[in-house]
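What follows is one structure encoded as structure tokens, with my remarks underneath.
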Amino acid sequence: MIPLGCSAVQIASPWTPVSPPELPERNFQYCQVQYWDQRYKDAADSGPYEWFGDFASFRALLEPKLCPEDRILVLGCGNSALSYELFLGGFPRVTSVDYSPVVVAAMQARYVHVPSLHWETMDVQALDFPTDSFDVVLEKGTLDALLAGERDPWTVSPEGVHTADQVLSEVSRVLVPGGWFISMTSAAPHFRIRHYAQSRYGWSLKHTTYGSGFHFHFYVMHKGGELSVTQLALGAQILSPPSPPASPCFLQDSDNEDFLSAIHL
Ligand SMILES: C[S@@+](CC[C@H](N)C(=O)[O-])C[C@H]1O[C@@H](n2cnc3c(N)ncnc32)[C@H](O)[C@@H]1O
């Protein structure tokens, strides 16, 4: 299973101290809105909780992509302060969605004094926004949550491929030509590029990392750009992953066993 719960970073806040979140008994619970509703039940009275770093940790990478008048969409906002930090940083037109009505109500209450921030309960697999309605779409940890039920991170299930495709198709649809999709995650390129590198989304793809000590991944998709041949080849693997070895080979079978060539990653 893909570890999701071990990489969050809490930030200091003027609210009551953040108590350690309740971790799910099983990783697939990260895919269930009931888990998130339960986890967020005290969010209105507690401070922000940041998955995969706070705004300060990736600000230098994000800000060059933003203009003050940009319409920004934050997917799966959770209890993060990102949307508010964007407002404070001079990017006020932020719409944030999450499928947990509990956390959306908490965020509406917390930031009621900031009318330019909009909060909506919405499934990121079916965005209720018109085509070409945002200049920038951001996600931090939301695709990780949606894919947390995958049993084998190397071979994504057809359901996992479909789930990611639904989200990414929606992101591509709501982005204006020339818009940016930025994804922050713990998923390294060999796990995530294959999802993003599909020509039907109509974007280019770049990757970098951020954070000190533990590094997170920062993927930048530019709508209207093109994927490289190498990226397209990685994207094609998700539809037809390498087949497993025809028969198992055992290291003790012989001294000249070609076991390395039998590993299909
Ligand atoms: C790992 S948390 C990340 C929260 C926040 N983005 C952050 O950076 O701290 C994943 C968030 O995605 C939300 N989420 C998961 N699946 C979703 C879906 N299908 N539609 C909307 N939100 C979803 C969860 O409710 C949760 O708030």
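In each ligand, atom 1 is the first atom listed, and ligand 1 is the first ligand listed.
The shell of residues lying under 4.0 angstrom from ligand 1, judged by heavy atoms, includes Leu146. At least one heavy atom of Met122 sits closer than 4.0 Å to an atom of ligand 1. The closest approach between any non-hydrogen atom of Asp123 and ligand 1 is below 4.0 Å.
A distance of 6.0 Å or more separates the ring centres of Phe216 and Phe218.
Taking the charged nitrogens against the carboxylate oxygens, Arg110 and Asp45 have no contact shorter than 4.0 Å, which rules out a salt bridge.
Evaluated by nearest non-hydrogen atom to atom 12 (O) of ligand 1, the leading choice among Asp144, Thr185, Val167, Thr142 is Thr142. When the heavy-atom distances from atom 5 (C) of ligand 1 to Cys77, Ser96, Gly141 are ranked, the shortest goes to Cys77. In the candidate list Tyr49, Tyr35, Tyr99, Tyr99 is nearest to atom 22 (N) of ligand 1, counting heavy atoms. Scanning Tyr40, Tyr30, Trp51, Trp36 for the heavy atom closest to atom 9 (O) of ligand 1 points to Trp51.
Taking the six-membered ring for Trp and thresholds of 30 and 60 degrees, Tyr111 and Trp119 have nearly parallel ring planes, at less than 30 degrees apart. Between Phe58 and Phe55, the two ring planes are perpendicular [angle over 60°; tilted spans 30° to 60°].
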Which pairs would a plain distance check flag for residues 202-210, meaning a side-chain donor or acceptor within less than 3.5 Å of a matching protein atom at least two apart in sequence or in another chain?
| residue | atom | partner | partner atom | Å |
| --- | --- | --- | --- | --- |
| Trp203 | NE1 | Tyr196 | O | 2.9 |
| His207 | NE2 | His217 | ND1 | 2.8 |
| Tyr210 | OH | Phe52 | O | 2.5 |

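For ligand 1, the polar-atom distance check finds an N/O of Val124 within less than 3.5 Å of one of the ligand's N/O atoms. Residue Asn79 has no nitrogen or oxygen atom sitting less than 3.5 Å from a nitrogen or oxygen atom of ligand 1, judged on distance alone. The shortest N or O to N or O distance between Ser80 and ligand 1 is not under 3.5 Å.
Side chains of Tyr49 and Asp54: no donor on one and acceptor on the other come within 3.5 Å.
Annotation: salt bridge (Lys or Arg N to Asp or Glu O under 4.0 Å) contacts involving residues 96-107, sequence neighbours excluded, are absent.
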